[in-house]
Structures are given as structure tokens and as C-alpha cells.
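All figures in this text were calculated on a predicted structure; none of them were measured in a lab.
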Amino acid sequence: MSYRKAGKLFASHDSVNHSKKEFARGQAHNNTAESFNANLERAKLGVFHFMSKQHLSRYLHEDCFRWNHRLPEFKKDKKGSLKIVMKPMPVIMMLRSILAKAPGCQLR
């Protein structure tokens with residue numbers, strides 16, 4: 001239900017119906033949202049330690065930046081089928097991404 005409410009904020013949003021034993025339809029599944037939430041929890045435990053309500057948007061923006069700056073790496077599993085593993089983008093590529101958006105902006 002919460003994903004439906006959040007989906008109204010975006011131009012495109014798909015959903016699946018778990019009660020009808022539908023867990024994925026093409027690119028539509030809830031694994032991405034759950035994975036993002038798991039990354040945020042790991043950041044809370046490992047990097048941030050405490051997230052105040054006052055600065056919560058800043059923590060979320062940083063985690064979103066890290067999420068959006070990942071690269072797919074293709075690996076074969078034990079059965080030989082292809083698996084996509086997302087790896088962090090190299091730091092120099094992240095810096096290029098930030099600096100490309102910097103002209104005319106004030107960095108704080």
C-alpha cells in the first residue's frame with residue numbers, strides 16, 4: 001500500500017499483486033525498494049550511527065546519491081547462469097558526475 005502512495009509522485013509506477021502469487025512482472029518487483037531500504041539500514045549502522053529527524057533528508061540524499069552511482073557487474077553463478085551484481089562507481093567517476101552539475105551552483 002505504501003508503494004502505491006509513493007508511486008503517485010512519479011511519472012511511471014508499476015506494481016505486482018502478491019495475493020495473486022505475482023511477485024515480478026518484467027521490471028516491476030519490490031526487491032529494489034527493499035534493497036534500497038536495506039542499504040539505508042546498513043549505512044545507519046556503519047556510517048551514520050544516528051539519524052536525527054532534523055537532518056534526515058540529508059542522510060537520504062547521500063544514500064540516494066550512492067544508490068544512483070552504482071554500476072552493474074555481470075557474473076556467472078555456480079549453475080552457470082548470468083547474474084547482475086551492482087558495484088559502487090569508482091570515486092573519480094562520482095566526482096565527474098558531481099562536477100558536471102556544479103556550474104552555476106553553490107556547493108555547501
Q: Once salt bridge (charged side-chain N to carboxylate O under 4.0 Å, His left out) is applied, what residue pairs with a partner in residues 78-97 remain, sequence neighbours excluded?
A: none
Q: Could you work out, with side-chain hydrogen bond (donor to acceptor under 3.5 Å, both in side chains) as the rule, every residue matching Ser52, not counting sequence neighbours?
A: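 Partners of Ser52 by the side-chain hydrogen bond (donor to acceptor under 3.5 Å, both in side chains) criterion come out as none, since no residue qualifies.
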Q: Under the side-chain hydrogen bond (donor to acceptor under 3.5 Å, both in side chains) rule, collect the residues that match up with Asn17, sequence neighbours excluded.
A: Ser19
Q: Applying side chain to side chain contact (heavy atoms under 4.5 Å, CB included), can you list everything that pairs with His18, at least two apart in sequence or on another chain?
A: Val16, Phe23, Asn30
Q: Under a single-linkage rule joining Ile, Leu, Val, Met, Phe, Trp and Tyr whose side-chain heavy atoms are separated by less than 4.5 Å, which residues share a cluster with Met86?
A: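 Phe74, Leu82, Ile84, all in the cluster of Met86.
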Q: Members other than Trp67 in its cluster, when Ile, Leu, Val, Met, Phe, Trp, Tyr link by side-chain heavy atoms under 4.5 Å?
A: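 ILVMFWY cluster around Trp67 also holds Phe36.
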Q: Arg42 versus Asn39: any side-chain heavy-atom pair under 4.5 Å?
A: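 The answer is yes, as the side chains (C-beta and beyond) meet within the 4.5 Å cut-off.
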Q: Go through the structure and list residues passing side-chain hydrogen bond (donor to acceptor under 3.5 Å, both in side chains) with Ser97, not counting sequence neighbours.
A: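 Here the qualifying residues are His69.
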Q: Quick one: list whatever passes side chain to side chain contact (heavy atoms under 4.5 Å, CB included) with Lys53, sequence neighbours left out.
A: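 Side chain to side chain contact (heavy atoms under 4.5 Å, CB included) check on Lys53 returns nothing, list empty.
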Q: To which residues is Met51 joined in a hydrophobic cluster, defined by side-chain heavy-atom contacts under 4.5 Å among Ile, Leu, Val, Met, Phe, Trp and Tyr, whether direct or through other members?
A: Leu40, Val47, Phe48, Leu56, Tyr59, Leu60
Q: If you look at every heavy atom in Arg66 and Arg70, which pair is closest and at what distance?
A: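 The pair with the smallest heavy-atom distance is O-CG, 3.3 Å.
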Q: If the condition is side-chain hydrogen bond (donor to acceptor under 3.5 Å, both in side chains), which residues does Arg58 pass it with, not counting sequence neighbours?
A: His55
Q: With a cutoff of under 4.5 Å between side-chain heavy atoms, which Ile, Leu, Val, Met, Phe, Trp and Tyr residues group with Leu95?
A: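 In the cluster with Leu95 are Val91.
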Q: For Glu41, check side chain to side chain contact (heavy atoms under 4.5 Å, CB included) against everything at least two apart and list the hits.
A: Lys44
